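Report on the following structure.
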Amino acid sequence: SEQSQLLQDLVQGQKLENKPAPPTQQMLDKFISVTNMWNTFSVGLEEAVRQTTIPEVDVALQISLQSSLLQDLNDAMDLQVQAGAAAGSTVQIRLLDLTHRQQFQFHNFPIQVYKVLFGAIPAEELNTTAQAFRSLHRELIMGAPATDERMALQKITDLCIVRGLAEVMDNYYQLERACFQIVNNESDAVSIVNQVSPAGIAAMASSSSDIYNFYQGQPASCENITLAKGDWELLMSEVTLLAGLAEDAMTAVISQTITVEMTALRDSMDRLVMGSPHPLVPVQPTQALFDRIINQLQPLVETFLEADPTYQVVAPQGTSIVAQAKGLLRSYTDKALELEPGWPGQRVRVAMWQVVLAKKVYREAMAERFDVGRQLLPAEQEFETAHQQLKDGGDGFAAIIDEREDLLSGTALGKHGQL
């Protein structure tokens, strides 16, 4: 078979295709072990295919063999990377190692599911595996410092590559969700695993090439995408959420309870940079918008997260985050209106931002209470100006008519003490 020939080439080398033989005895031993494991696995698989029903013990054996085979292949890759590192390896080998690990998880996650079902491993290991995949996915995009085991990772500034990696994550999310459904005895999810796992591996392989080219200074190629209005609304919601989280974090600094808010702020920033399958946030549709995110908004958030947690330090930084987010919210709104000019986008934008303004009022009230600020009145006025604009009209907005009691009741917020 093709797989057997590939394994033979690994053991013996293949001069015509410029494949060298294993350079060390340890590597040769590992390739031989992989070959033997594959032969045992393939024989069992062929016998299982010929059977009308497969005994549970045989299924468990095949799963165990497949798991061992994958682990041996992963160990063989580790040996090659180590040998490359000892010889002063190229960036290509290092990146191959990292992207291989992501592809390995697509193969290994369903196997772990069946090992859970047969009681071989605890279900908690699935969460550990999923978190490891997500962490490396983030590092491949956001960059990471060098460690003893690997080189530094660059921050990806090419939207085309981020879009490709978002496709990888979309497939992995579907795989993860289907696998947990299988754990819960939803057998229909098996077909989803069979579909998305190969698609995810293919997307990761394509992204691997693009990432390597990026490290060599060669940009990827893709076209801007056209988002539907609903997608623009998702971006509007996320950037509004980020601004509100910045307000929450500033308030938390005042009360010295900052851990949860800071984590949520970072997660929201990640979603705007990388996109997200759940909660759903589209990848930025143009390089220009992506550049605004990574060059203007993201540095502010990173500085804020790393700053000394005192209000005098974080308040100016947090205010800058909110201002940048507000500008992006307007840009997203304008893009959505280009698609549907009749959509009341500007009213939606102001209504969304009211949540941020309400949080600002609360922050300023806390700042006055703890004697670190004196801007409560302007914050209240800003909120009420927008509130009256939505309700009574003005500055291009029509007033809400009396017949729309549903909208009028939604704007029936009280005065300052009732916010």
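Any value given below was found using the heavy atoms of this structure, including those in side chains, with hydrogens, waters and symmetry copies removed. Predicted, not measured: the structure shown is a model, and the values here were computed from it. We count residues from 1, following the sequence as given.
Nearest heavy-atom pair across Ala325 and Leu297 is N-CD1, 4.4 Å. Residues Val193 and Pro110 come closest through the heavy atom pair CG1-CG, 3.7 Å. Of all the heavy atoms in Asn171 and Val196, the pair that sits closest is OD1-O, 3.7 Å.
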Note to self: Please evaluate residues Arg292 and Ser331 with respect to the criterion side-chain hydrogen bond (donor to acceptor under 3.5 Å, both in side chains), reporting the C-alpha separation (whole Å), side-chain torsions for both, the decisive distance (0.1 Å), and the verdict.
What the structure shows: CA-CA 11 Å; Arg292 283 179 66 181; Ser331 295; 2.7 Å; yes
Checklist line | Candidate pair Gln174 and Asp170, rule side-chain hydrogen bond (donor to acceptor under 3.5 Å, both in side chains), full reasoning | finding: CA-CA 6 Å; Gln174 293 180 62; Asp170 287 345; over 6 Å; no
Next item on the list: Would you sort out whether Lys360 and Glu247 count as a salt bridge (charged side-chain N to carboxylate O under 4.0 Å, His left out), showing the intermediate values?
Entry: CA-CA 6 Å; Lys360 181 179 180 180; Glu247 288 288 352; 5.7 Å; no
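More than 12 heavy atoms of other residues, nucleotides or ligands lie within 6.0 Å of CD in Glu302, so this atom counts as buried by the packing criterion.
The pair Arg271-Glu238 meets the salt-bridge criterion, since a charged nitrogen lies less than 4.0 angstrom from a carboxylate oxygen. For Arg101 and Asp78, the salt-bridge test passes: some basic side-chain N is under 4.0 Å from an acidic carboxylate O. A salt bridge links Lys229 with Glu233; the closest basic N to acidic carboxylate O contact falls under 4.0 Å.
The distance from the CG atom of Leu165 to the CZ atom of Arg138 is 13.5 Å, given to the nearest 0.5 Å. Once rounded to the nearest 0.5 Å, the distance linking CG of Asp210 with CG of Asp158 reads 8.0 Å.
For Gln346 and Thr333, the side-chain atoms include no donor-acceptor pair closer than 3.5 Å. A donor-acceptor pair shorter than 3.5 Å cannot be found between the side chains of Gln131 and Arg134. In this structure, a donor-acceptor pair under 3.5 Å is absent between the side chains of Asn224 and Thr286. Gln287 and Asp291 share a donor-acceptor pair across their side chains, judged by distance under 3.5 Å alone. Of the N and O atoms on the side chains of Gln25 and Lys30, not one donor lies less than 3.5 Å from an acceptor on the other residue.
Among pairs with a residue in residues 276-309, those fulfilling ring pair (Phe, Tyr, Trp, His ring centres under 6.0 Å) read Tyr173-His278, at least two apart in sequence or across chains.
At least one donor-acceptor pair under 3.5 Å links the side chain of Ser208 to the backbone N or O of Met204. Judged by distance alone, with hydrogens and angles left aside, the side-chain atoms of Gln354 form no donor-acceptor pair with the main-chain N or O of Ala351 at under 3.5 Å. A donor-acceptor pair under 3.5 Å links the side-chain atoms of Gln284 to the main chain of Leu272, judged by distance alone. Using a distance-only test at 3.5 Å, with no hydrogens or angles considered, no donor-acceptor pair links the side chain of Ser197 to the main chain of Asn194. With hydrogens and angles disregarded, no donor-acceptor distance shorter than 3.5 Å links the side chain of Ser209 to the backbone of Ala205. Under the 3.5 Å distance criterion, the side-chain polar atoms of Tyr311 are left unmatched by any main-chain donor or acceptor of Met250.
Met142 places none of its side-chain heavy atoms less than 4.5 Å from the side chain of Leu153.
With sequence neighbours left out, the salt bridge (charged side-chain N to carboxylate O under 4.0 Å, His left out) criterion links Asp248 to Lys359.
Aromatic ring orientation, Phe133 versus His137: parallel (interplanar angle below 30°, classes split at 30° and 60°).
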